[in-house]
Amino acid sequence: MAASKHVFQAPKGMRDFFPEDMAVRQHLERAWRSASIRHGFEEIGGPTFEHLDLFTIKSGEGIVSELFSFQRSGGDTDYALRPEFTPTLARMAASKGRSLPLPTKWFAIPDLFRAERPQRGRLREHRQWNVDLLGAPGPDADAEVIAVAVTALRGLGLGPADIRVRISHRGAAAGLLAACGVPGDRMAEAFSLVDRREKVPTEVFATQAAAIGLDEAGVARLDKIAASRLPATTQPTTIAEKHDLPVDAVSELTSLSVELDKRGLLPFCDWDLGIVRGLAYYTGTVWEIHDAAGTFRAVAGGGRYDELVGLFGGPTIPACGFGMGDVVLALLLEDRGLLDADHGVLSPRPDVFVVSSGDDQAEGLFIPLATSLRDAGLHVRHTFKAGRNIGKQLKEASGHLAKFAVILGDELDSGHMVVKDMTAGEQFKVPAGDLAAWLQRRLAGYAADKRSCEH
RNA sequence: GCGACCGUAGCUCAGGGGUAGAGCACCUGGUUGUGGUCCAGGAUGUCGCGGGUUCAAAUCCCGUCGGUCGCCCCA
């Protein structure tokens, strides 16, 4: 394969966005922004690449092989395209130090990069919605960020039968693991093992579990508890009773349950002590959103990380939040048939397509008319083809899904233009001077009709 | 980094040793001032690339590049 051929493709794992793809992306981002803003979060942004070292603070040197990192030609500073937004956020929060008003509610929609082999739901470049609530230690804050995530997903048409928020708590999980025989100093390894539980063969799981202090009975017990999910409408104490754990172990879930209930979220949630998240920095609530059938990767993941800002040189600030990527979300919406015009996914439709009959008078007015309609705020298109066959131009207009066509022809002799409603097929003779106002009036009615159709 | 499967028209794909195919999309005409539907017609290929086997390779073999899916990892 000559190099000259493959440079004409997007690099591995990177995507081109044609208009129809961009319409989907905008649809997701509209839902994300809308949910964030309605909950009082403010949008922030940051650099697309950071100092390489920023990313090893939290994740260790091991992450370097997963990064796109580089030096500028002749320079000796190491940079890396950001693989996640959290270090940037923590850096920004830390840089404000004690002047940061608390609580601070921030969200961002960055492009993120990872240098691994692409697979289903996991590409080298993706967009990820990040929501963080800094300075609020209570379960109300955990419930609030879950509410933001669920609000966005509901806005995209997903309900409790489509998605489940699987919730656990590091404290509860630790209580469970301790009850199964894991010593306190092996807890981090145990979390990591539980996180991989569904992926590793049972024998391997048993061997590794034995290595961190679980005997055969302990493994069986852990496996049983981690595999069981309960609707959040059940009291968390039921989990304790069912699995013979101390009630204390689930006390955090009980207080979270109250906050979720206030926000009407319980029907979307499940208690799932098998959710621990691989990351070491989670300190409290941990949760993931999955499709109900569990066929895709996690749509979102989040939790509480009270030590994060301190890790980046700032004061210790309690914090919680989540990330939601566009790739798995789009797969899920596609699977549910929620990615079409009826669900709001559409490139902008022209208000007017200007058509010229081709005679001198019409040709002279063609572009000036389009210009004046654009100045009046309308979305205007016209043909770029040489032929001025009216039939062809109307065909082009309907191909663009134009709402109206304005036809310039013989009627100009009496100062009129023909306006055609492309949906109804009706035609009207409109005085040239009234055209913009006439169209704006009709388009307002058009939008109202569309709304009433949608509801 | 490892493994499996797949590369044929713009797109989705059929053909698995013997003349390169279908549907969709596109273009033209029916219709020189009226679109969507319909009818008729038309253009389209290094069968990813390189080598090998064969009288003959899109087809079989080897290699390579690319894609998809999985493993590792998961922010």
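Predicted model only: the values in this text are computed from it and were never measured. Below, chain A is the first sequence line, B the second, and so on; all start at residue 1.
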Practice task
Any chance you could encode RNA chain B as dot-bracket? Rule is Watson-Crick or G-U wobble with both distances under 3.5 Å; [ ] for pairs crossing earlier ones, | for another strand.
Solution key: ((((((((.[[[[.)..(..]]]].(((((.......))))).....[[[[[..)....]]]]])))))))....

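Below 30°, between 30° and 60°, or above 60°: for A/F353 and A/H400 the angle between ring planes is between 30° and 60°, a tilted geometry.
Side chain of A/K105 to main chain of A/H39: a donor-acceptor pair is present (N/O by atom type, distance under 3.5 Å, no hydrogens or angles). A/T283 contributes a side-chain N or O that, together with a main-chain N or O of A/D306, makes up a donor-acceptor pair within less than 3.5 Å. Looking at A/D272, its side chain never comes within 3.5 Å of a backbone N or O of A/R229 through a donor-acceptor pair.
Looking at heavy-atom distances under 4.0 Å, A/G391 makes contact with sugar-phosphate atoms alone, never a base. No contact: A/L112 has no heavy atom under 4.0 Å from any strand. As judged by a 4.0 angstrom heavy-atom cut-off over every strand, A/R122 is placed among the base-contacting residues.
Within residues 320-336 of chain A, no residue has any heavy atom under 4.0 Å from RNA chain B. Taken residue by residue, residues 418-427 of chain A places heavy atoms nearer than 4.0 Å to RNA chain B at A/V418, A/K420, A/M422, A/G425, A/Q427.
Looking at A/E116, its side chain has no donor and acceptor atom pair within 3.5 Å of the base of B/G1.
Base orientation for B/G66: anti, the chi torsion being more than 90° from 0.
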Check: residues 424-437 of chain A side-chain donor-acceptor pairs under 3.5 Å, at least two apart:
none

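Here the separation of B/C2 from B/A58, taken at their P atoms, is 32 Å to the nearest Å. Rounded to whole Å, the P atom of B/A9 lies 15 Å from the corresponding atom of B/U44. B/G52 and B/G10: their P atoms are spaced 29 Å apart (whole Å). Distance noted for atom P between B/C27 and B/C62: 45 Å (whole Å).
Judged as a side chain to side chain contact (heavy atoms under 4.5 Å, CB included), and not counting sequence neighbours, the contacts of A/R120 are A/F296, A/L331.
The stretch residues 403-415 of chain A participates, sequence neighbours left out, in these side chain to side chain donor-acceptor pair (under 3.5 Å) pairs: A/D351-A/K403, A/S414-A/H416. Sorted by first then second residue, the ring pair (Phe, Tyr, Trp, His ring centres under 6.0 Å) pairs that include residues 314-340 of chain A, not counting sequence neighbours, are A/W129-A/F322, A/W287-A/F322. Contacts classified as salt bridge (charged side-chain N to carboxylate O under 4.0 Å, His left out) and involving residues 10-32 of chain A (residues at least two apart or in different chains) are given here: A/R15-A/D326, A/R25-A/E29, A/E29-A/R33, A/E29-A/R127. Applying the salt bridge (charged side-chain N to carboxylate O under 4.0 Å, His left out) test to residues at least two apart or on different chains, the pairs with a partner in residues 131-146 of chain A are A/D142-A/R304, A/E144-A/R263. Pairs of residues two or more places apart, or lying in two chains, that qualify as side chain to side chain donor-acceptor pair (under 3.5 Å) and include a residue from residues 63-72 of chain A are A/Q71-A/D78.
Nearer the 5' end of RNA chain B, as judged by each residue's closest nucleotide, is the contact made by A/P11, out of A/P11 and A/R114.
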Can you pull every protein N or O that's under 3.5 Å from an N or O on nucleotides 68-70 of chain B?
| residue | atom | partner | partner atom | Å |
| --- | --- | --- | --- | --- |
| B/C69 | OP2 | A/R120 | N | 3.3 |
| B/G70 | OP2 | A/R120 | N | 2.9 |

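Ring centers of A/F113 and A/F68: at least 6.0 Å apart, outside the cut-off. Taking the six-membered ring for Trp and the full ring otherwise, the centers of A/F49 and A/H51 sit at least 6.0 Å from each other.
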Exercise for the section: Indicate for each nucleotide in nucleotides 26-32 of chain B, in 5' to 3' sequence, whether protein heavy atoms under 4.0 Å reach the base (B), only the sugar-phosphate (S), or nothing (-). Expected result: -------

